[in-house]
Every structure is written in structure tokens, then in C-alpha cells.
**Student:** 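This is the structure I have questions about; it appears just below.
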Amino acid sequence: MDQDKLQLQLMRSYLENTQINMQIAHYTKVGVNWRTNNRMPNENRLYFIREGEGWIHIRGKDYSPRRGQLYLLPAGMRLSYAPVVENPLGKYWCHFSATVGDVNLFQMLELPHWIEVQDERKLEQQFEELIELSSGSQVTAPLRIKSILLDIISEYIEQSDDQLHLTAMSSTSKINSVLSYIERHLAEPMTVEELAKLVHFHPNYFLHYFKTMMGLSPIVYINKKRLDKARRLLSTTDMSVSAIADEIGLELYYFSRIFKKSVNLSPTEYRKASGKVYIDGDEVWVEGE
DNA sequence: AAAATCGGATCTGACCTGGA
DNA sequence: TCCAGGTCAGATCCGATTTT
């Protein structure tokens, strides 16, 4: 139960810190020599099948790609594929990297290798746009490409919701044990040294390690989590500010200071404002959930 | 009067750098 | 992956002020 919540938070942490980059995108009708055997690519691949037939083998399973399916073939997994010669595949495809720190996102998240595409028209347009952008010269092309890729991957993840979970590698991974330790000990003071001990790293090395994985230093990350929790408590409970400060392991004066610094409102101001939205400068009260 | 906020001064430990 | 050293941001203390 609680374990599920933790898993969800970890997955969100990973996604929040994912860096994505596309290497190449194209449409190809494959030839007879479209085949590989047991290769381990170091880029992730998306295949959006438009026509024909083929054979893909990954992680011990055979797949027969057909029109309307979107394949996600993660880097670092043994991959084989071959065409069906009489009726070769036509597919949009792209190579990309998606990393959390220096680890491939798909080594942390377990996903099915293909999904049935809901909106083929839309995905087709997205691929067309990827192809156009990658050959074009707009300044904003890198941003647009990222945003499209993120959208495609979001759709993919959402659609595989029931099969989505952390991989064994990730749940035993060092960073994961640190993150879950942090989640469980938000109310207590934590030091870098004690976190480093969890994974048997030297504190200095741990700092570097944490930052490349999470994009933030441990303390900044911890306080961010603390403030997230505080915001939740402020808007969903009537606990006093000091009780909340206590709950997240911060002294009252320090809590209100860093709260204001990050949210620009003091805790009580925030509480008053939460549940209200401002439309054209006018305050409008909205029912909370 | 109690709870919450703010600000300044001070100290500690987090974090970085460069090197092994 | 570890270590030493220096810097600066984060954390603490305390008192003054504002808000409820």
C-alpha cells in the first residue's frame, strides 16, 4: 500500500529528472537486409509501424510488429530483428536517449515493448514533425523535438499504466534506496554522511553521485520534498504552522523562512490563497477536492 | 497572549575543485 | 571511488515585530 505510493513518488522523481535527446528520426520502408542479430544498441528506439510485417526479438520474446503498433526498444537490451521479405515493414522510427543522471530511464522503468496506438493520425503527425524539425534549421527545433518526444513517451507510459513499475535493477539500485530513505525520514534531520553510508560511498563522492542522478544536491532535494509536503499539509489540513514545521523536521522560524523564499508567500498566506484562483485579478473561490 | 513572521549575526557542514 | 582544503550556502540562535 505505502510501498505503492513510494514507487509512484520514485517514478515521478525519475521522470522529473529525465533528460531527453533525439539523435535521428525517419520514415523507412525496410529492405531485405534490415536485420540484426543479438545486438545491443546504445540508443533507445521508437518504431511506429505503418505497413508490412516483420520480426523483433527482445528480452527472450518474439514480436510480430504490425500496423498501428508503437514499439519502444530500450538501449542496452539484446535486440534482433528481421523483415518478412514478401511484405516488408514500413515504419516511422527514431533514436533517442532518455537519462536520469547517467542511467537510462528505461533501465529504471519497466514498460511493455509495444502499445496499440490510440490516435494514429496524431502520432503520424508527430513523427512527421520530428523528421521535419531534425532536418530544418529553426533555433527552437531542439525544444520542439524534446517536447514532442516527451509527449509521445508520456502517452506511452500512460497507456501502459497497468504494466508500469520500477525494474528490479532500480528497486535495488543505490539511488533508489537513498530516495526511499529520504521519503521515510523527512521528519528527521538527515546528513549527507548518513545518506552516503546507506550506499557505502564517501560523502564527497556521494554528493557528486546524487547530483548527477537527481540534478539537485541532496539537501536541496530534501528540502524540496519537505516543502512539497508542507504545501500539501497547509492546503489539505488545518494543522498549525508549527505542527507542520514539526512534521517535516524543521524549526518554525527556519521553516517559514525557506517556505517564503521558495513560494514567495508565508505559510499562512499560502494556506489562505490555496483553493483560490485569480481570474483577471479577481479572487475566485474554488471548491477543493 | 500566543502564534507566526522577519531580519541580522554567526557558525557549521554541504558542496566544489583538483588530484590520486 | 576516495581524499584534502577552501568557499559559501544552509542552518541556528535570538530578539523584534506583526498577525490572529
Side-chain angles (χ1 to χ4, degrees), chain A residues 9-10 13-14 16-19 42 75-76 97 99-105 107-108 167-278 281-286 288:
Chain A
Q9 290 196 355
L10 290 173
S13 275
Y14 293 147
E16 198 174 335
N17 292 290
T18 298
Q19 295 293 328
N42 48 19
S97 68
T99 53
V100 186
D102 41 16
V103 179
N104 185 2
L105 175 66
Q107 283 185 315
M108 315 273 238
T167 59
M169 177 265 178
S170 134
S171 56
T172 56
S173 80
K174 292 177 184 293
I175 192 68
N176 197 327
S177 68
V178 172
L179 296 184
S180 63
Y181 182 88
I182 291 176
E183 295 293 341
R184 282 180 282 118
H185 294 79
L186 276 186
E188 299 145 41
M190 277 176 272
T191 63
V192 168
E193 205 178 325
E194 107 191 54
L195 295 178
K197 266 188 195 148
L198 291 175
V199 291
H200 309 105
F201 282 165
H202 189 277
N204 285 2
Y205 180 70
F206 176 76
L207 285 172
H208 169 74
Y209 170 78
F210 191 94
K211 192 152 191 181
T212 53
M213 290 298 281
M214 303 308 296
L216 300 168
S217 68
I219 294 299
V220 172
Y221 177 87
I222 290 170
N223 281 339
K224 191 165 169 286
K225 288 287 165 194
R226 285 180 166 149
L227 291 179
D228 285 349
K229 187 170 178 185
R231 286 218 299 276
R232 249 191 346 268
L233 292 174
L234 281 167
S235 54
T236 61
T237 73
D238 58 356
M239 290 169 72
S240 71
V241 174
S242 21
I244 291 176
D246 225 42
E247 190 71 20
I248 59 172
L250 296 176
E251 295 293 330
L252 176 59
Y253 40 80
Y254 187 52
F255 168 53
S256 70
R257 179 178 293 190
I258 66 171
F259 191 90
K260 176 130 195 187
K261 196 174 160 199
S262 91
V263 186
N264 250 322
L265 296 171
S266 70
T268 31
E269 284 169 346
Y270 178 84
R271 169 169 277 158
K272 276 189 223 153
S274 73
K276 291 175 189 170
V277 293
Y278 295 86
D282 287 328
E283 216 179 68
V284 179
W285 181 260
V286 211

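Each chain gets a letter, A, B and so on, in the order its sequence line appears, and its residues count up from 1. Note that the structure is predicted; figures quoted are calculated from it, not measured.
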**Student:** What is the nucleic acid contact for P203(A), judged by heavy atoms within less than 4.0 Å: base, sugar-phosphate only, or nothing?
**Tutor:** nothing
**Student:** What pair of heavy atoms forms the shortest contact from V178(A) to L198(A), and how long is it?
**Tutor:** CA-CD1, 4.3 Å
**Student:** Suppose we call two aromatic rings close when their centres sit under 6.0 Å apart. Are H202(A) and F206(A) close by that rule?
**Tutor:** no
**Student:** Rounded to whole Å, please give me the gap between CD in E194(A) and C1' in dG13(B).
**Tutor:** 14 Å
**Student:** Which angle, to the nearest 10 degrees, lies between the helix axes at the two ends of the helix from dA1(B)-dT20(C) to dA20(B)-dT1(C), each defined by five pairs?
**Tutor:** 50°
**Student:** Measuring from atom CG of L186(A) to atom CG of N223(A), what distance do you get when rounded to the nearest 0.5 angstrom?
**Tutor:** 9.5 Å
**Student:** Minimum heavy-atom separation for A187(A) to E247(A), with atom names?
**Tutor:** CB-O, 3.1 Å
**Student:** Under 4.0 angstrom, heavy atoms only, what part of the nucleic acid is I219(A) near: base, sugar-phosphate, or nothing?
**Tutor:** sugar-phosphate
**Student:** Run the salt bridge (charged side-chain N to carboxylate O under 4.0 Å, His left out) test on K224(A) and E16(A) for me, step by step, so that the C-alpha distance in whole Å, both residues' side-chain angles and the decisive distance to 0.1 Å come before the verdict.
**Tutor:** CA-CA 13 Å; K224(A) 191 165 169 286; E16(A) 198 174 335; 2.7 Å; yes
**Student:** What parts of residues 248-260 of chain A reach DNA chain B, counting only heavy atoms under 4.0 Å away?
**Tutor:** L252(A), Y253(A), S256(A), R257(A), K260(A)
**Student:** Return the set of residues passing salt bridge (charged side-chain N to carboxylate O under 4.0 Å, His left out) with R231(A) (not counting sequence neighbours), or none when no residue passes.
**Tutor:** D228(A)
**Student:** I'd like to know if the side chain of E194(A) reaches the main chain of T191(A), judged simply by a donor and an acceptor atom lying under 3.5 Å from each other, with no hydrogens or angles considered.
**Tutor:** yes
**Student:** Whole angstrom is fine here: how far is it from CG in D246(A) over to P in dA3(B)?
**Tutor:** 13 Å
**Student:** Set out, line by line, the N/O atom pairs under 3.5 Å between protein and nucleotides 17-20 of chain B.
**Tutor:**
none

**Student:** Whether S217(A) contacts dC15(B) is assessed here as follows: a side-chain N or O lying under 4.0 Å from the phosphate OP1 or OP2. Is that the case?
**Tutor:** yes
**Student:** How would you give the extent of chain A contacts on DNA chain C, as first and last nucleotide 5' to 3' within a 4.0 Å heavy-atom cut-off?
**Tutor:** dT1(C) to dT20(C)
**Student:** In this structure, how many angstroms lie between the P atom of dA4(B) and the CD1 atom of I244(A), rounded?
**Tutor:** 9 Å
**Student:** Not counting sequence neighbours, which residues clear side chain to side chain donor-acceptor pair (under 3.5 Å) with Y270(A)? List them please.
**Tutor:** none
**Student:** Work out which heavy atom in L227(A) is nearest to a heavy atom in F255(A); give both atom names and the distance.
**Tutor:** CD2-CE1, 4.1 Å
**Student:** For R271(A) and I244(A), run side-chain contact (heavy atoms from CB on, under 4.5 Å): C-alpha distance rounded to whole Å, both residues' side-chain angles, the deciding distance at 0.1 Å, then the answer.
**Tutor:** CA-CA 12 Å; R271(A) 169 169 277 158; I244(A) 291 176; 3.8 Å; yes
**Student:** Quick one: CG on L234(A) to NZ on K229(A), what's the gap to the nearest 0.5 Å?
**Tutor:** 12.5 Å
**Student:** Would R257(A) and E251(A) pass as an ion pair if we require N to O under 4.0 Å?
**Tutor:** no
**Student:** Using the six-membered ring wherever Trp is involved, compare the ring planes of Y205(A) and F201(A) and label them parallel, tilted or perpendicular (cut-offs 30° and 60°).
**Tutor:** perpendicular
